[in-house]
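As structure tokens, the structure follows; a few thoughts come after it.
Keep in mind the model is a prediction, meaning the values are calculated, not measured. The basis for the numbers below is simple: all heavy atoms, side chains too, and nothing from hydrogens, waters or symmetry mates.
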Amino acid sequence: MATKARENHREDVAGRANVEDTPELLAYYDELERLEAGALWTVANKIEPWQPKSSSVPVLWRYEDLRAHVLRSVELVSPEKAGRRVIYLNNPGRRDHAAAVGWLYSGLQVMHPGEVASAHAHSASALRFIMEGEGAYTIVDGHKMTLGANDFVLTPNGTWHEHGVSSDGTPCIWQDGLDIPLVNMLEANFYVVHPDLQQSVGYPVDDMTHAWGSPGLRPAGAEWSKGYSPLLKYEWGPTYEALQRYGKATDGSPYDGVLMNYVNPVTGGPVMQTIGASMQMLRPGESTRAHRHTGSFIYQVARGRGHSIIDGKRFDWKERDIFCVPSWAWHEHVNGSASEDACLFTFNDLPVMQALGLYREEAFGDNGGRQPLVS
């Protein structure tokens, strides 16, 4: 019986595996396989590439295309049956992991006035970025937060959390961002439903914002030792004001414009241990230069319109659209307005990259830092 074909990733480069198959070796590989083992030299060039090779591809999810489908889910399933009524974003290269890019998950959740999703906790870290509607709220470990458009809220790993819309509100849609694929890849995910399905509000509404939301000030005597930020809600108004003020004091990054990170006010570090987030402003007509870095990014357009070029392909975006930039993909951004600024919210896995010593960045050196477009 003929020996079956086997993968053998050869490269004719000094220092790389380049072993030619022989009948004797193929038989040897069969013997190793029966012992649940294998020869490293057959796969070394595959599992140790010269540079990152993301299986994710750049994708733009247009809000105007998705919105009607998200709203229709209200007619089809209830929050009680669905657990969470969400339409998730599926990257063609990451379908097996339900990932939007890399090891990050994203979805659009919708709730109608008076609806409440059951309280739960999980090992994955999560965030919400409000897209439209009034009356939305989130409760995290008994802290209730009211939410408006472009507000950013944390539901950190291990916390009890639930979401709802007040009875006098309007239909609300927000983006969910989680590191579910990462935690699953690490085989460390747990999920639990609150024994009472809902949790009690044990503090004044928006108390964490009132206590921790003043720049440069910290509540006297306050202690916080958890791995995530005590400022569970980051409001759009102060964020946009901060960007405008910073824009008066800086020329900005040649690659990101006026960029500010959401931070833990206790440590100055990322808002959660595995997920970072930022907001960047592109001034009227601003066009950034291209760069690439390790780490996966999901962008949501908070304001304005424009386009991004990702690995040579142009993606035109406007408010509420979502797009992704895979790890080590060239990318640059352009504000399409000559009179109005544009703002991009993003969440990413940079805390993981940096904690593991894996972060690396590179500028695009040719053509004045601009990528040529590919057809």
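Put simply, Leu356 and Phe297 are part of the same group of oily side chains (I, L, V, M, F, W, Y) that touch within less than 4.5 Å, one to the next. Note: the hydrophobic cluster containing Val86 does not contain Val110 (ILVMFWY, side chain heavy atoms under 4.5 Å, direct or indirect links). Linking ILVMFWY residues whenever their side-chain heavy atoms come closer than 4.5 Å, directly or via other members, leaves Leu178 and Leu127 in distinct clusters. Leu350 and Ile180 fall into different hydrophobic clusters, where Ile, Leu, Val, Met, Phe, Trp and Tyr are joined by side-chain heavy atoms under 4.5 Å apart, directly or via other members. Note: the hydrophobic cluster containing Ile309 does not contain Val334 (ILVMFWY, side chain heavy atoms under 4.5 Å, direct or indirect links).
Comment: Asp30 engages Arg6 in a salt bridge, judged by a side-chain N to carboxylate O separation of less than 4.0 angstrom. In summary, Asp341 and Arg303 engage in a salt bridge, as defined by a charged side-chain N under 4.0 Å from a carboxylate O. A salt bridge does not link Glu340 to Arg305: none of the charged nitrogens lies less than 4.0 Å from a carboxylate oxygen. Ionic pairing of Lys46 and Glu7 is present here: one or more N-O contacts between side-chain nitrogen and carboxylate oxygen are shorter than 4.0 angstrom. Residues Arg314 and Asp316 are paired through a salt bridge, judged by an N-O separation under 4.0 Å between the basic side chain and the carboxylate.
In the displayed structure, Arg72 atom CZ is contacted under 6.0 Å by at most 12 heavy atoms of other residues, nucleotides or ligands. Dense packing is recorded around CG of Asp65, with more than 12 heavy atoms of other residues, nucleotides or ligands lying under 6.0 Å away. For Tyr359, the OH atom sits in a packed shell: over 12 heavy atoms of surrounding residues, nucleotides or ligands are nearer than 6.0 Å. Heavy atoms of other residues, nucleotides or ligands lying less than 6.0 angstrom from CZ of Arg360 number 12 at most.
Note: Phe345 and Phe129 have parallel aromatic rings, judged against thresholds of 30 and 60 degrees for the angle between ring planes. By the 30° and 60° cut-offs, the orientation of the rings of His122 relative to His120 is tilted. Using cut-offs of 30° and 60° on the angle between ring planes, the pair His331 and His333 is tilted.
Each of Arg84, Arg85, Arg128 was scored for a salt bridge (charged side-chain N to carboxylate O under 4.0 Å, His left out) with Asp176, with one residue passing: Arg128. A side chain to side chain contact (heavy atoms under 4.5 Å, CB included) with Tyr299 is found for exactly one of Val325, Ile322, Asp321, namely Val325.
Contacts of Tyr246 classified as side chain to side chain contact (heavy atoms under 4.5 Å, CB included), with partners at least two apart in sequence or in another chain: Thr250, Val258, Met260.
Between Tyr262 and Thr239, some side-chain heavy-atom pair lies under the 4.5 Å cut-off. A heavy-atom distance below 4.5 Å is not found between the side chains of Glu80 and Ser118.
Side-chain contact check for Glu132 and Tyr63: at least one donor-acceptor pair (N or O, by modelled atom type) lies under 3.5 Å.
With a 6.0 Å cutoff to the six-membered ring centre and a 45° limit on the axis angle, Arg94 counts as a cation-pi contact of Trp103. No cation-pi contact links Arg62 to Trp317, judged by a cut-off of 6.0 Å to the six-membered ring centre and 45° from its axis.
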